Amino acid sequence: MTAWARSTWRALTVPAGDAPQPLTIRVESMPPRSRFHEHHHDWHQLVYAISGVLIVSVDGTRFVIDPEHGAWVPAGAPHEVSSLYGCEFRSLWIKNLPRQACADVCCVLSVSPLLRSLINEAAQVDRTIDAAYFGELSAFIFTQLRRAPRVAFALPWPRSGPLQAICEAIYEDPADPRDLEHWGAALGVSVRTLARKFNSEVGVTFSAWRAKARVARAIEMLKHGESVTETAFTLGYGSVSSFTFMFRSNMGVSPRAYAKSAGDAVRRKGTG
């Protein structure tokens, strides 16, 4: 994040702890606009929210994580975790054993209802009192993690100052209509240079990146309970239909269906 953007966020203390044996589950509530600054662990981690949405930033990429997904962060990978609207955060620390390693790179995993239930159950068990039961739950969790399919969606993030300034501004205000010509004039950089940097650093064009950023913000807003219409206009779309086309093209489902699934998940949580 840029210095300006960070000033509007609450910094949380990065938890310290010993290596898990073989699994530790941290339970925490993250307030809105809060973040753990960049850090790393000597063990693997599954970053997961049972409610709300998390943003995991690692290695030039941002992963937007809802309760149906988790971010796998391998041991030693510097990462930052934040939440715009707040969330119930579950962090799984997993000992660095080859059989328990899902991947050697950061990725998004699909979290099945079974895995979600196992995580919730294990988080409530006192391992010092019922070590055998906790061990059984841990073994099931490891098996489910190895079987969890990867999800492709991620938001690439630039490293150079000018592009970071552009991306931070658009992520904060996704309806920002400025094109590269306007940004070039504001930053004193030619349009050709900015376009070349987007392709080389981010891997996509400016317009393609802005569409991905709007999808990421749409996920946050819809999971937060905002309507499809409100989300569409907040993101800068002139109509719900144009927003729906963009969202379906990227996510494979309409925003209304996505919002409904989010509402159903909240209702199941409330009655479980």
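Index from 1, following the sequence. In this text the structure is predicted, and so the values were computed from the model without any measurement.
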On a heavy-atom basis, which atom in [X] and which in [Y] lie closest, and how many Å separate them?
| X | Y | answer |
| --- | --- | --- |
| Val202 | Pro158 | CG2-CB, 3.9 Å |
| Val58 | Cys106 | CG1-SG, 3.2 Å |
| Gln144 | Ser112 | OE1-OG, 3.7 Å |
| Pro174 | Thr234 | CG-O, 4.1 Å |
| Leu222 | Ala259 | CD2-CB, 4.1 Å |
| Ser83 | Met30 | N-CE, 4.0 Å |

Within-4.5 Å side-chain heavy-atom neighbours: [X] and [Y]:
| X | Y | answer |
| --- | --- | --- |
| Val108 | Arg150 | no |
| Val53 | Ile65 | no |
| Leu115 | Arg147 | no |
| Arg256 | Val240 | yes |
| Ser91 | Trp93 | yes |
| Val191 | Trp183 | no |
| Val125 | Tyr133 | yes |
| Asp130 | Asp126 | no |

Using 0.5 Å steps for rounding, measure from the [atom1] atom of [X] to the [atom2] atom of [Y].
| X | Y | atom1 | atom2 | answer |
| --- | --- | --- | --- | --- |
| Arg210 | Leu180 | CZ | CG | 8.0 Å |
| Ser190 | Arg196 | OG | CZ | 7.0 Å |
| Leu163 | Lys197 | CG | NZ | 7.0 Å |
| Leu23 | Lys95 | CG | NZ | 12.5 Å |
| Cys167 | Leu155 | SG | CG | 7.5 Å |
| Phe142 | His44 | CZ | NE2 | 10.0 Å |

Would Ile94 and Gln45 count as a side chain to side chain contact (heavy atoms under 4.5 Å, CB included) if you check the C-alpha gap in whole Å, the side-chain angles of each, and the deciding distance to 0.1 Å? CA-CA 6 Å; Ile94 301 170; Gln45 180 181 13; over 6 Å; no
Honestly curious: do [X] and [Y] fall in one hydrophobic cluster under the side-chain, below-4.5 Å linking rule?
| X | Y | result |
| --- | --- | --- |
| Val81 | Tyr171 | no |
| Leu235 | Val253 | yes |
| Phe36 | Leu46 | no |
| Leu194 | Phe206 | yes |
| Val111 | Val151 | no |

Just jot down the ring-ring contact (aromatic ring centres under 6.0 Å, His included) partners of [X], sequence neighbours excluded, or say none.
| X | answer |
| --- | --- |
| Tyr85 | His224 |
| Phe134 | none |
| Phe247 | Phe243, Tyr258 |

Mind jotting down which residue pairs meet the salt bridge (Lys or Arg N to Asp or Glu O under 4.0 Å) criterion with at least one end in residues 174-189? Sequence neighbours excluded, please. Asp176-Arg178
Distance-only polar pair, side chains of Thr244 and Ser241, donor-acceptor under 3.5 Å: no
Glu226 side chain to Thr231 side chain, donor-acceptor N/O pair below 3.5 angstrom: no
Please determine whether side chain to side chain contact (heavy atoms under 4.5 Å, CB included) holds for the pair Asp66 and Glu220, giving the CA-CA distance in whole Å, both sets of side-chain angles, and the decisive distance to 0.1 Å. CA-CA 8 Å; Asp66 60 19; Glu220 293 180 287; over 6 Å; no
Any sub-3.5 Å donor-acceptor pair from [X]'s side-chain atoms to [Y]'s backbone N or O?
| X | Y | answer |
| --- | --- | --- |
| Tyr48 | Pro67 | yes |
| Thr143 | Ala139 | yes |
| Gln124 | Asn120 | yes |

Taking the six-membered ring of Trp157, is the NZ or CZ of Arg62 close enough (under 6.0 Å from the centre) and on axis enough (within 45°)? yes
Would you check, one step at a time, whether the test salt bridge (charged side-chain N to carboxylate O under 4.0 Å, His left out) holds for Arg33 with Glu172? CA-CA 11 Å; Arg33 300 186 71 84; Glu172 289 285 325; 3.5 Å; yes
Candidate pair Val215 and Met246, rule side chain to side chain contact (heavy atoms under 4.5 Å, CB included), full reasoning: CA-CA 8 Å; Val215 171; Met246 180 279 300; 3.1 Å; yes
Tell me every residue that passes side chain to side chain contact (heavy atoms under 4.5 Å, CB included) with Ala148, counting only those two or more places apart in sequence or in another chain. Leu109
Run the salt bridge (Lys or Arg N to Asp or Glu O under 4.0 Å) test against Arg26 and tell me which residues pass, sequence neighbours left out. Glu28
Test log, rule side chain to side chain contact (heavy atoms under 4.5 Å, CB included), inputs Trp72 and Leu92: CA-CA 10 Å; Trp72 176 259; Leu92 278 64; over 6 Å; no
Is the ring pair His39/His79 parallel, tilted or perpendicular, if the boundaries are 30 and 60 degrees? tilted
Asp59 atom CG, neighbour heavy-atom count above 12 within 6.0 Å: no
Sidechain N-carboxylate O distance under 4.0 Å for Lys223, Glu68: yes
